Student: 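One structure coming up, written as structure tokens, with questions to follow.
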Amino acid sequence: MAKSKSFWLMKSEPSVFSIDDLKSSKNRTTYWEGVRNYQARNFLRDHLKVGDGVLFYHSNEDPVGIAGEAVVVKEGYPDLTAFDPKSTYFDPKSDPRKPTWFRVDVKFVRKCGEVITLKRLREIPALKKMMVVQKGSRLSIQPVTSPEWHAIMKLF
DNA sequence: GCCAACGTTGGC
DNA sequence: GCCAACGTTGGC
């Protein structure tokens, strides 16, 4: 039996890669690469499945918050930037025969009318326990519960 | 630009 | 295996 759909929040600094960059990408799809954190890596490698919903989150920008929706279109496979000495994401310790880092492919679904700010998320009782609203929440790939996802879908 | 919170590294 | 020092993230 097929596993039911899961939901995720993925952070990106829009100065590096924004929701508009995703929309204007070829096939509206990008490699979600450069993740160099083990917990986030585990999600990419083991848990993100084709069809899973993604909240595209803009960090380190004014305003910070959810900028759009995307969908996982390819499951975890080795992040090739780790093996490229010219890449900013190069990791000399990563062995191509036993890759450390993984990426997925993510496709644009829609952009929010306006960014759903972190401040606004914090004002919604149903999202009180959501990971991204917690203080010091640095994980760049976070699981989102089904109720959280559906509450946020109403805000687009 | 500041700095709190967090993750990683490395000496012991 | 502990933990201090260091580097990074990310909200403000």
Side-chain angles (χ1 to χ4, degrees), chain A residues 6-25 30-48 52-72 75-145 147-149 151-156:
Chain A
S6 301
F7 305 103
W8 308 95
L9 179 144
M10 298 170 82
K11 294 184 189 171
S12 182
E13 297 190 26
S15 61
V16 177
F17 194 85
S18 71
I19 188 77
D20 289 324
D21 293 328
L22 180 61
K23 190 178 178 183
S24 60
S25 295
T30 193
Y31 307 133
W32 204 275
E33 60 196 8
V35 172
R36 297 291 179 266
N37 167 284
Y38 285 101
Q39 209 179 338
R41 185 282 309 272
N42 292 344
F43 285 133
L44 288 176
R45 187 187 58 190
D46 304 329
H47 298 294
L48 273 74
D52 281 0
V54 173
L55 300 169
F56 194 113
Y57 183 89
H58 280 180
S59 64
N60 248 309
E61 195 75 351
D62 193 16
V64 296
I66 294 164
E69 180 189 352
V71 62
V72 177
E75 293 173 14
Y77 62 105
D79 179 351
L80 302 180
T81 61
F83 313 127
D84 177 3
K86 291 195 290 291
S87 170
T88 47
Y89 302 126
F90 178 58
D91 177 8
K93 287 178 293 189
S94 178
D95 180 350
R97 288 163 301 176
K98 195 170 173 291
T100 307
W101 305 116
F102 286 74
R103 68 186 180 198
V104 299
D105 293 359
V106 161
K107 183 171 187 175
F108 178 87
V109 174
R110 60 177 167 153
K111 183 180 172 180
C112 297
E114 338 181 339
V115 172
I116 305 164
T117 63
L118 180 59
K119 182 170 178 293
R120 180 138 180 247
L121 295 175
R122 289 197 163 120
E123 287 165 355
I124 297 164
L127 303 179
K128 266 220 147 44
K129 291 187 177 165
M130 192 176 179
M131 194 180 285
V132 78
V133 310
Q134 309 306 317
K135 193 179 177 186
S137 178
R138 285 175 37 175
L139 192 60
S140 63
I141 311 230
Q142 306 183 351
V144 172
T145 67
E148 288 164 356
W149 173 269
I152 290 163
M153 287 298 107
K154 291 181 195 154
L155 307 175
F156 269 61

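As the structure is a prediction and not an experimental result, all values here were calculated from the model. In the text below, chain A, chain B and the rest are named by the order of the sequence lines, each starting its count at 1.
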Student: Can you name the one residue among A:Asp91, A:Thr100, A:Thr81 that meets side-chain hydrogen bond (donor to acceptor under 3.5 Å, both in side chains) with A:Arg36?
Tutor: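 Among A:Asp91, A:Thr100, A:Thr81, the one that satisfies the side-chain hydrogen bond (donor to acceptor under 3.5 Å, both in side chains) with A:Arg36 is A:Thr81.
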Student: Give the rounded distance in Å between these two atoms: CD of A:Glu61 and C1' of B:dG1.
Tutor: 15 Å
Student: For A:Lys93 and B:dT9, is the shortest distance between a side-chain N/O and OP1 or OP2 below 4.0 Å?
Tutor: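 Looking at the OP1 and OP2 atoms of B:dT9, one of them is under 4.0 Å from a side-chain N or O of A:Lys93.
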Student: Return yes if a side-chain donor-acceptor contact under 3.5 Å exists between A:Asp84 and A:Tyr89, otherwise no.
Tutor: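 No, because no side-chain N or O of A:Asp84 sits under 3.5 Å from a partner of the opposite role on A:Tyr89.
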Student: So if I take every side-chain heavy atom of A:Arg138 and compare against B:dT8, C:dG11, B:dG7, which nucleotide ends up nearest?
Tutor: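 Nearest listed nucleotide: B:dG7.
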Student: Whole angstroms only, please: what is the CD-P distance between A:Gln134 and B:dA5?
Tutor: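 In whole Å, B:dA5 P and A:Gln134 CD are 14 Å from each other.
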Student: What is the separation between atom NZ on A:Lys135 and atom C1' on B:dA4, rounded to the nearest whole Å?
Tutor: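 Answer to the nearest Å: 7 Å.
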Student: Please state how far atom OH in A:Tyr38 lies from atom P in B:dG7, giving the value in whole angstrom units.
Tutor: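 My rounded result for the distance is 14 Å.
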Student: Is the number of heavy atoms from other residues, nucleotides or ligands under 6.0 Å of A:Glu114 CD greater than 12?
Tutor: no
Student: May I have the distance from A:Arg41 (atom CZ) to B:dT8 (atom C1'), rounded to whole angstrom?
Tutor: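 In whole Å, B:dT8 C1' lies 14 Å from A:Arg41 CZ.
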Student: Whole angstroms only, please: what is the CE-C1' distance between A:Met10 and C:dG10?
Tutor: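 Spelled out: CE on A:Met10 to C1' on C:dG10 is 18 Å.
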Student: What's the CH2-P distance between A:Trp101 and B:dG7, to the nearest Å?
Tutor: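 Rounded to the whole Å, the gap is 13 Å.
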Student: So what does A:Arg36 hit on the nucleic acid, given a heavy-atom distance under 4.0 Å: a base, only sugar-phosphate, or nothing?
Tutor: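 No contact.
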Student: Ignoring backbone atoms, establish whether A:Tyr57 has a side-chain N or O less than 4.0 Å from OP1 or OP2 of C:dT9.
Tutor: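 So the side chain of A:Tyr57 is outside the cut-off, no N or O lying under 4.0 Å from OP1 or OP2 of C:dT9.
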Student: Centre-to-centre under 6.0 Å for A:Phe56 and A:Trp8, is that the case here?
Tutor: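 No; A:Trp8 has its ring centre 6.0 Å or more from that of A:Phe56.
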Student: Rounded to the nearest angstrom, tell me the gap between atom CG in A:Asn60 and atom C1' in B:dC3.
Tutor: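 Taking atom C1' of B:dC3 as the reference, CG of A:Asn60 is at 13 Å.
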